[in-house]
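In the text below, chain A, chain B and the rest are named by the order of the sequence lines, each starting its count at 1. Keep in mind that this is a model prediction, so the values were computed, not measured.
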Protein chains: 2
Amino acid sequence: MRPTTKDLAKAAGVSLATIDRVLNGRSGVRQKTVDAVNEAIERTGFQRNQVAATLARQKGYRFGFVLPRTGDEFLDVIIKHISEFDQASRAEMIATKVVRIDDHDPHRAAKTLSRLSAEDYDGIAIMAPETPQIRDALYRMRERGIQTVAFISNQQEEGSQPFVGIDNIAAGATAGRLMARFLGHTTGSILVLAETMQSRDSLERRLGFDKVMSREYPQFDALPTLETHGTAERTRLVLANAFAAHQDIVGLYIMGSEARVAIDLAQNLCGEEKIITIAHERTPSTEHALRAKTLDALINQDPGHIIRSAVRTLRAQCENRETLASQERIRIEILIAENL
Amino acid sequence: MRPTTKDLAKAAGVSLATIDRVLNGRSGVRQKTVDAVNEAIERTGFQRNQVAATLARQKGYRFGFVLPRTGDEFLDVIIKHISEFDQASRAEMIATKVVRIDDHDPHRAAKTLSRLSAEDYDGIAIMAPETPQIRDALYRMRERGIQTVAFISNQQEEGSQPFVGIDNIAAGATAGRLMARFLGHTTGSILVLAETMQSRDSLERRLGFDKVMSREYPQFDALPTLETHGTAERTRLVLANAFAAHQDIVGLYIMGSEARVAIDLAQNLCGEEKIITIAHERTPSTEHALRAKTLDALINQDPGHIIRSAVRTLRAQCENRETLASQERIRIEILIAENL
DNA sequence: CTCTTTTTGAGGTGCGTACCTCAAAAACTT
DNA sequence: AAGTTTTTGAGGTACGCACCTCAAAAAGAG
């Protein structure tokens, strides 16, 4: 039988009240006593029964997913998965809510964050660009006792909060390797498309992509990143210009959003010689393109896994436990038509 | 506030005892009353609080993972993950144990299964070849009230129990597509290696592989499957013979175990012209080969996901709930050196 | 209608923890 | 040493459900 708090109290030679104080980090306990309890925990191998604990806490866990207000199809997919998760985990007393912030106005975004109270949230997972305002808002949030985790988009301040998402440098490298291998023995230029190079994610993907391409495949010329600013018009414009300026385009790497427009357009612009196209994130559009063979491969991070991992991570923080790093690593998925 | 059993009793116009009888499928309740309670469940949107339920049940859940006694590196990986999971989920009152069965002696295997009692296991996940003996043993097991789920290797009898694992036809097709795309414009023969073609998994993978190759890439000649019987000697033998008989081998698809030996050997036998090699399942060996570029791609099913999914599925059965199919789909992962 | 069987109700206990109160003990202060 | 503050103990309630018993009510059989 696993030891209970009662057993632990006996083993430590203190009362249940003291055990409770130590276990839940309440004040008013001498260090000496804390040490004695911790020693007893070690000795007896006590593990708090989370099932009983959450039942007793009564108010399960409430987590917020902070997402940008503007976004692409991928964001819709994320939101859909969050609400699915919310449904499925209500029986486990975990509630998840989506909070939107102004991604183009850091001040307003920070203000929205500052309004999130510890009364309403035990933790939040945030997907946002890294600005000083947001960094500070997150810092104050943690001071208020709300756990935080960066989510899909990493924040600079490593160490202060965990990150759940893929390694974007590796993701870029993966795209690069696939691009080169699919191209085989041809040579030519490769277009690289991003929403904006202001974002850390795009920078990292490009870095990884170039690392593979320039070192191992000098026969290809990866052109400077084209920025779409997330609009269809500009995507059309920059792509048309690029195809006009370069006659030898053999590949297209779409790092960011607006994949749909780019894929369709590239189909028309490239002539009879098919170009190899690789994009990120599975959405209805990219999935369709993969099936239609207008897209050759998709680099994906599974939204379901990310969400579950973010919640596990937040919950572990709330209960100040460690997480198994190996369980929380988000895979860089390669999707082709056959393994959709 | 979510309705509790008490609220439900009031809503259905019955007592708590009756609610308990219906909810836990006990006998001695008229159908009319059962219907009334179910109607009230619908109407009030009652959802049993699993946290409280498992606490009250006192004896968490005990699940067994039935694995073959003999096996390759992949099996070791699975076992490692099961014990990791066991550690991590003890706080959630879920205990998992590994049970080994004689995979070469169906009678002994069935006997081992018949000894698993409902006293000790709430459910078992089984990875075993499909034989009549095992099928019957599983049937009787379910009659004893032990939930079952097929795991990695599917059993024929679809419908009678869920399956957690990948679609092996799709996995084979994925391997085929990658093989063809990596080979590019060359032509030649492709070797296909399996432990045995007796197993359904190998048959399905081969089926998927051929579907892609023969229909879309007639320039390649996928040779008949070579069987290694899981031994290093025989692997060496069949491979050496194959390379002697065919001078135009350009690809090697390793569907089953003994990947390590096959990869190393193929390296030596193929001469200066590198052949494209694709294998299944991530293990220390295959991972190393991928890094060393002696392996071009790996088709993988994540053991961690499979185990968690199997446990979620078993637990849902115990609580006779439905599972979200979308959450339980096991991905066919494509691994290359960059996204390890 | 009576007798038997089946179905239902009322009530209780316990799971392991959180969280609360109040008093008692121990530790510091001056 | 007396007073003040800090630390600890004892005890309780609650969470939502499982599981148990025993008696009462209802339904069915003859």
Does the distance from a Lys or Arg side-chain N to an Asp or Glu carboxylate O, for B/E328 and B/R312, drop under 4.0 Å?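 Counted as a salt bridge, because a side-chain N and a carboxylate O are separated by less than 4.0 Å.
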If you find the nucleotide of DNA chain C closest to A/N49 and the one closest to B/S27, which residue's nucleotide is nearer the 5' end? B/S27
Value in whole Å for how far the P atom of C/dC20 lies from CG of A/D20: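 Between P of C/dC20 and CG of A/D20: 10 Å.
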Please step through side chain to side chain contact (heavy atoms under 4.5 Å, CB included) for the pair A/R62 and A/K97, ending with a clear verdict. CA-CA 8 Å; A/R62 297 140 314 162; A/K97 250 177 83 178; over 6 Å; no
Specify the separation, in whole Å, of atom CG of B/D7 and atom C1' of D/dG16.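 For the pair B/D7 CG and D/dG16 C1', the rounded distance is 11 Å.
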Is there a side-chain polar atom (N or O) of A/R26 under 4.0 Å from OP1 or OP2 of C/dA18? no
Once you round it to whole Å, what is the distance between C1' of C/dC15 and CD of A/Q47? 17 Å
Look at the aromatic rings of B/F151 and B/F65 and report parallel, tilted or perpendicular, splitting at 30° and 60°.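 Correct class here is perpendicular.
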Specify the separation, in whole Å, of atom CD of B/E92 and atom C1' of C/dG16.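 Distance, rounded to whole Å: 14 Å.
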Taking any heavy-atom pair under 4.0 Å as a contact, classify B/R21: base, sugar-phosphate, or nothing. base
Within the structure shown, what part of the strands sits under 4.0 Å from B/V14 by heavy-atom distance: base, sugar-phosphate, or nothing? sugar-phosphate
Residue whose closest nucleotide on DNA chain D lies nearer the 5' end, B/F46 versus B/A17: B/F46
Send over the distance from A/M93 CE to C/dT17 C1', rounded to a whole Å.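 Value for this atom pair: 12 Å.
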Using a heavy-atom cut-off of 4.0 Å across all strands, would you classify B/A53 as base, sugar-phosphate, or nothing?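 The answer is sugar-phosphate, as B/A53 gets under 4.0 Å only of primed atoms, P, OP1 or OP2.
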In whole angstrom, what separates A/L8's CG from D/dG9's P? 12 Å
So, OP1 or OP2 of C/dA18: does either fall under 4.0 Å of a side-chain N or O from A/N24? yes
Between A/Y61 and A/F63 (judged by ring centroids, cut-off 6.0 Å), do the two rings come close enough to count as a pair?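 Ring centres of A/F63 and A/Y61 closer than 6.0 Å.
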Report yes if at least one side-chain N or O of B/T18 is closer than 4.0 Å to OP1 or OP2 of C/dG9; otherwise report no. yes
Taking any heavy-atom pair under 4.0 Å as a contact, classify A/G60: base, sugar-phosphate, or nothing. nothing
Hey, is the main chain of B/R26 close enough, under 3.5 Å, to the side chain of B/N24 for a donor-acceptor pair? no
Using whole Å, what does the distance between atom C1' of nucleotide D/dA18 and atom NZ of B/K6 come to? 15 Å
Do the side-chain N or O atoms of B/Q58 get closer than 4.0 angstrom to the phosphate oxygens (OP1, OP2) of C/dG16? yes
If you check the A/R57 side chain, which of C/dT17, C/dA18, D/dA18 turns out closest?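 It is C/dA18.
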Out of C/dT17, C/dC15, D/dA18, which has the shortest distance to the side chain of B/L55? C/dC15
Just the rounded figure in Å: distance from P of C/dT17 to CD1 of A/I19. 10 Å
Can you work out whether A/T5 or A/K32 has the more 5'-proximal nearest nucleotide on DNA chain C? A/T5
Short side-chain N/O contact from B/R30 to OP1 or OP2 of D/dA27, under 4.0 Å: yes
Do other residues, nucleotides or ligands put more than 12 heavy atoms under 6.0 Å from B/R329 CZ?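 Incorrect, the count does not exceed 12.
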